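Structure, as structure tokens:
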Amino acid sequence: MKYNSQKVAYWFFALSMLLLTLQIVYGFIMAFAHMGFDGLHEFIAFNTARAVHTNLLVVWILSGFMGAAYYIIPEEAEHELVNMKLAYAQLISLALVGVVAIIGYHFNYWEGRKFLEIPRPLDYLVVVNVLTFLGIIVTTLYKGKQRTTTSLVLTMGLVFAALLYLPGMIWFDNQTMDSFFRWWVVHLWVEGVWELIMGGILAFLLIKITGVDREVIEKWLYVIVGLTFISGILGTGHHYYYIGVGKTWLIVGGIFSALEPLAFLAMALFAVSMYRKGEKKHPNKIALSWTLGTAITSFVGAGLLGLAHTLPQVNMYTHGTLVTAMHGHLAFWGAYGMIVFAIISYTLPNLTGRKLYDSTTGLLAFWLSNIGMLGMTVAFGVAGVAQVYLERKMGMDFGDVQKEIQVHFVVLAICASMFATGIGFYIYEFIKYGRPSKEALQN
Amino acid sequence: MLSKSQARTFFLGGTIITFVVFLGLSWTSLTKEVPKRTHEENLSAEVIAGKHLWESNNCMGCHTILGEGAYYAPELTKVVERRGEGYMRAVLSSKEPWAPRGRKMVAHNFNEEEVGQLIEFFKWIGNVDLNGFPPKPDYKSTINSK
Ligand code: HEM
Ligand code: HEM
Ligand SMILES: [Fe+2]
């Protein structure tokens, strides 16, 4: 690392790994409940496990994004973070808000809207936290020597992500309105502004790893984020088919959301071709695997599996079934889980000064987690398609269908164990690297 | 070949145009369509109280409504039509976790008034025009469902 303050990133990544571990534990609780083993029902009912699982997911990804920004912005702007103490305070408050929210979920303290379960008083703390974070990033960028496209796209993504949190805080009496604006947060995050964050991190990694000229990489970055917004904003319509708004959305949402995979395709082609073009062969092979991996897996999970159920004729049947869970897992993992893993793998040797490139543990972590996640996707997919046919086509009762598809959750749990083993290796390696050190400066 | 500034124009221009169209369509939907399709005039104090109970107990953490939520328990938009009021009263006021088909619901132990509010909420949402969702099964008559 070139700037001492970049080491703040390490602690955000550490928090990220901790929360991911907890997320997986709650994932298993749900997988067992689906199999019929709900021994924990009294203490951790399914809705508690689910709220914890998805909220931890969002927080570990955000913590990873914040760590990435704290590492990337000083390097791109050529300026130390303006206030390192405040950054640490922001880390601690993020962890505290997260922990309080999650404990609350065990005591029926929540808002009960999918993905936005955080109760209102804590929402305000989240806002303060994120404003602090943005304050540090934007001021650093402003005081820095230069403002590169990569850093601007990353920052723009973070600022918009914060703004889009607000529509989720409006109170409505009408469930349709509630749902309408919930998607401004959920959809416009994952299929809009988070892609800017992902694109910014990806561009940074490609510049560092492949050595291709910045101008070329940043030009394509604009094309990718352009495709993202042009398709993704009106693509919000794919959530408006069946919630009580008009038929215009069937057409608008259908057409534009079907274009959304283009942005992910562009991202995959971009990463692979920059890798091919690159003269420099960076020794950090693990970081390279995660970087190419995220570009390709996000195309499969978000692009192809999203396309699979995005047309209104299909979505009529798959809407709100396990098919959605299939897509949700590979999309979130491929696009946002893996980009966080990529930036961690790239930065750890620089932060700690230890060059554990090419370790077997690192490779095992990559392959086990990815193959495990693909297996989980297949398990959810088979369960989901069976559910669609039995329940929506044949008209069998929900509960009877669930009994028929229980076996797929055994497969899910086996694949999830493989995934978890991979994550275990990754975290083992993370710990083995040790803490950021002074000697690492100037590397 | 495309230059960097052309690429930037593509990004900014495309974003602004689609965003403006999106805001326009949203405005039309929310002001013209939603009040009629959701029968806003029927949003009584009871319905709203029901919605509040729905949210404060995170029913969406197991069930879906309007097709949104979790995949652990039945979709509830048309539950009044499917099960009728009596059945729902039994579910909602149950002192033991409700689980006739093996999977457990939380025993919320609602009182008379709360059960009434939830049922009003489900009646209201059952009448929202959802463009045909949930789909009518094709083979219902040939399969023996319990
Ligand atoms: C990285 C990007 C993406 C992520 C992380 C993601 C994740 C998710 C998640 C978590 C849901 C469930 C949301 C909820 O019910 O609250 C969802 C739903 C959906 N996604 Fe994606 N998605 C991504 C990209 C895409 C793309 C590119 C498409 C289309 C081509 C797509 C199509 C859909 C559709 C149609 C639904 C609604 C499913 C339903 O009706 O139940 N997604 N996505
Ligand atoms: C390793 C173990 C994991 C297991 C066993 C697991 C299992 C589950 C289960 C059973 C559900 C609930 C489905 C339902 O409502 O019935 C769920 C939801 C979800 N999980 Fe996981 N999960 C795991 C890891 C992950 C990871 C690593 C991610 C993301 C990177 C993830 C993202 C999600 C998302 C986005 C949802 C909500 C899906 C939706 O609403 O459509 N999970 N998970
Ligand atoms: Fe979406």
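Bear in mind that the values here come from a model prediction, so they are computed numbers and not experimental data. Heavy-atom basis, side chains included; hydrogens, waters and symmetry copies ignored. Just so it is clear: chains get the letters A, B, ... in the order the sequence lines come, proteins before strands, and each one is counted from 1.
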Has B:Tyr87 got more than 12 heavy atoms of other residues, nucleotides or ligands less than 6.0 Å from its OH? yes
Cut-off 4.5 Å, heavy atoms of chain A, and the answer for B:Leu53 is neither
| said: Does atom CD (B:Glu112) have a neighbourhood of more than 12 heavy atoms from anything else shown, all under 6.0 Å? | reply: no
If one checks every heavy atom of A:Glu111 against chain B at 4.5 Å, the contacting part turns out to be backbone
With B:Lys51 as partner, the option from A:Asp173, A:Asn174, A:Asp178 fulfilling side chain to side chain donor-acceptor pair (under 3.5 Å) is A:Asp178
When rounded to the nearest 0.5 Å, the distance separating NE2 of A:His239 from CG of B:Leu66 is 14.0 Å
Okay, B:Ile48 and chain A: the region with an atom under 4.5 Å from a heavy atom over there is side chain
Whatever's closer than 4.5 Å to a heavy atom in chain B on A:Tyr241 counts as backbone
So that I can tick it off, tell me whether A:Arg392 and B:Asp138 are bridged by a salt bridge, with the cut-off set at under 4.0 angstrom between side-chain N and carboxylate O.
no
Whatever's closer than 4.5 Å to a heavy atom in chain A on B:Lys104 counts as both
Interface check, chain B: of A:Pro312, A:Gly399, A:Gly226, A:Gly246, most non-hydrogen pairs under 4.5 Å belong to A:Gly246
Bottom line for A:Phe398: the part with an atom under 4.5 Å from chain B's heavy atoms is side chain
**Message:** Tell me whether the rings of B:Phe22 and A:Tyr240 are parallel (<30°), tilted (30 to 60°) or perpendicular (>60°).
**Reply:** parallel
Bottom line for A:Ala325: the part with an atom under 4.5 Å from chain B's heavy atoms is both
Checklist entry - Between the main-chain N or O of B:Leu2 and the side-chain N or O of A:Lys219, is there a donor-acceptor pair closer than 3.5 Å? => result yes
Do B:Ser26 and A:Phe180 pass the side chain to side chain contact (heavy atoms under 4.5 Å, CB included) test, and can you show the C-alpha distance, the side-chain angles, and the key distance before you say yes or no? CA-CA 9 Å; B:Ser26 296; A:Phe180 195 92; 3.6 Å; yes
Worksheet entry | B:Phe110, CZ atom: more than 12 neighbouring heavy atoms under 6.0 Å | yes
**Message:** What verdict does the side chain to side chain contact (heavy atoms under 4.5 Å, CB included) test give for A:Leu234 and B:Leu25, after you've listed the backbone C-alpha separation in whole Å, the side-chain angles of each residue and the deciding distance to 0.1 Å?
**Reply:** CA-CA 9 Å; A:Leu234 287 168; B:Leu25 287 173; 4.1 Å; yes
Turns out that what part of A:Val401 lies under 4.5 Å from chain B's heavy atoms comes down to neither
**Prompt:** Should the heavy atoms of other residues, nucleotides or ligands under 6.0 Å from NE2 of B:His52 be counted, would the total exceed 12?
**Reply:** no
Value for NE2 (A:His319) from CG (B:Leu130), rounded to nearest 0.5 Å, stands at 8.0 Å
- Task: May I ask you to check if A:Arg50 and B:Tyr71 form a cation-pi contact, with NZ or CZ under 6.0 angstrom from the six-membered ring centre and within 45° of the axis?
- Result: yes
Surrounding CD of B:Gln6 (heavy atoms of other residues, nucleotides or ligands, distance under 6.0 Å), is the total greater than 12? yes
Applying a strict 4.5 Å limit to non-hydrogen atoms, the region of A:Leu227 in contact with chain B is both
- Task: Verify salt bridge (Lys or Arg N to Asp or Glu O under 4.0 Å) between B:Arg103 and A:Asp397, making sure each step is shown before the conclusion.
- Result: CA-CA 13 Å; B:Arg103 207 173 261 184; A:Asp397 202 89; over 6 Å; no
Applying a strict 4.5 Å limit to non-hydrogen atoms, the region of B:Ser3 in contact with chain A is backbone
Point to revise | Flag side-chain contact, heavy atom, 4.5 Å: A:Phe229 against B:Phe11 | key: yes
The interface call for B:Val106 against chain A, heavy-atom contacts under 4.5 Å, is both
Looking only at A:Val223, A:Ile233, A:Val225, most heavy-atom pairs under 4.5 Å shared with chain B are made by A:Ile233
Assert top hit (heavy-atom pairs under 4.5 Å, partner chain A, pool B:Leu30, B:Thr9, B:Leu12) equals B:Leu30
Okay, A:Phe181 and chain B: the region with an atom under 4.5 Å from a heavy atom over there is side chain
Does atom CZ of B:Phe10 have more than 12 heavy-atom neighbours, drawn from other residues, nucleotides or ligands, at distances under 6.0 Å? yes
In short, A:Phe46 meets B:Gly61 closest at the heavy-atom pair CD2-O, 3.2 Å
- Query: So, do A:Thr248 and B:Glu33 sit near enough that their side-chain heavy atoms are less than 4.5 Å apart?
  - Reply: yes
Side chain to side chain contact (heavy atoms under 4.5 Å, CB included) test vs A:Thr176 passes for just one of B:Val34, B:Ile125, B:Asp129, namely B:Val34
Got a donor-acceptor contact below 3.5 angstrom from the A:Asn47 side chain to the B:Cys62 backbone? no
Review point. Is there side-chain contact between A:Ile230 and B:Thr15, with heavy atoms separated by less than 4.5 Å?
Key: no
Of B:Val128, B:Leu43, B:Val47, B:Thr77, the largest count of non-hydrogen pairs under 4.5 angstrom with chain A goes to B:Leu43
Check your understanding: Does B:Arg37 reach the main-chain N or O of A:Gly244 with its side chain, forming a donor-acceptor pair under 3.5 Å?
Key -> no
Side chains of B:Glu55 and A:Trp171: is there a donor and an acceptor less than 3.5 Å apart? no
Cut-off 4.5 Å, heavy atoms of chain B, and the answer for A:His41 is side chain
Ranked by heavy-atom pairs below 4.5 Å to chain A, first place among B:Gly102, B:Gly69, B:Pro100, B:Pro134 goes to B:Gly69
Cut-off 4.5 Å, heavy atoms of chain A, and the answer for B:Lys32 is neither
Okay, B:Thr64 and chain A: the region with an atom under 4.5 Å from a heavy atom over there is side chain
| request: Assign the ring pair B:Phe133 / A:Tyr242 to parallel, tilted or perpendicular, where the plane angle (0 to 90°) is split at 30° and 60°. | output: parallel
Just wondering, do A:Met30 and B:Tyr72 contact through their side chains at under 4.5 Å, heavy atoms?
-> no
Here the gap from A:Lys247 atom NZ to B:Asn131 atom CG, rounded to the nearest 0.5 Å, amounts to 4.5 Å
* Asked: With a 3.5 Å cut-off and no angle check, do the side chains of A:Thr149 and B:Lys4 form a donor-acceptor pair?
  -> yes
Under 4.0 Å between a side-chain nitrogen and a carboxylate oxygen: does that hold for A:Arg113 and B:Glu68? no
Cut-off 4.5 Å, heavy atoms of chain B, and the answer for A:Glu117 is side chain
Scanning both residues in full, the closest heavy-atom pair of B:Ser56 with A:Trp110 reads O-NE1, 3.2 Å
Whatever's closer than 4.5 Å to a heavy atom in chain A on B:Pro97 counts as side chain
When the 4.5 angstrom heavy-atom criterion is applied to A:Ala33 and chain B, the contacting part is both
Under 4.5 Å to a heavy atom of chain B? For A:Met316 that would be both
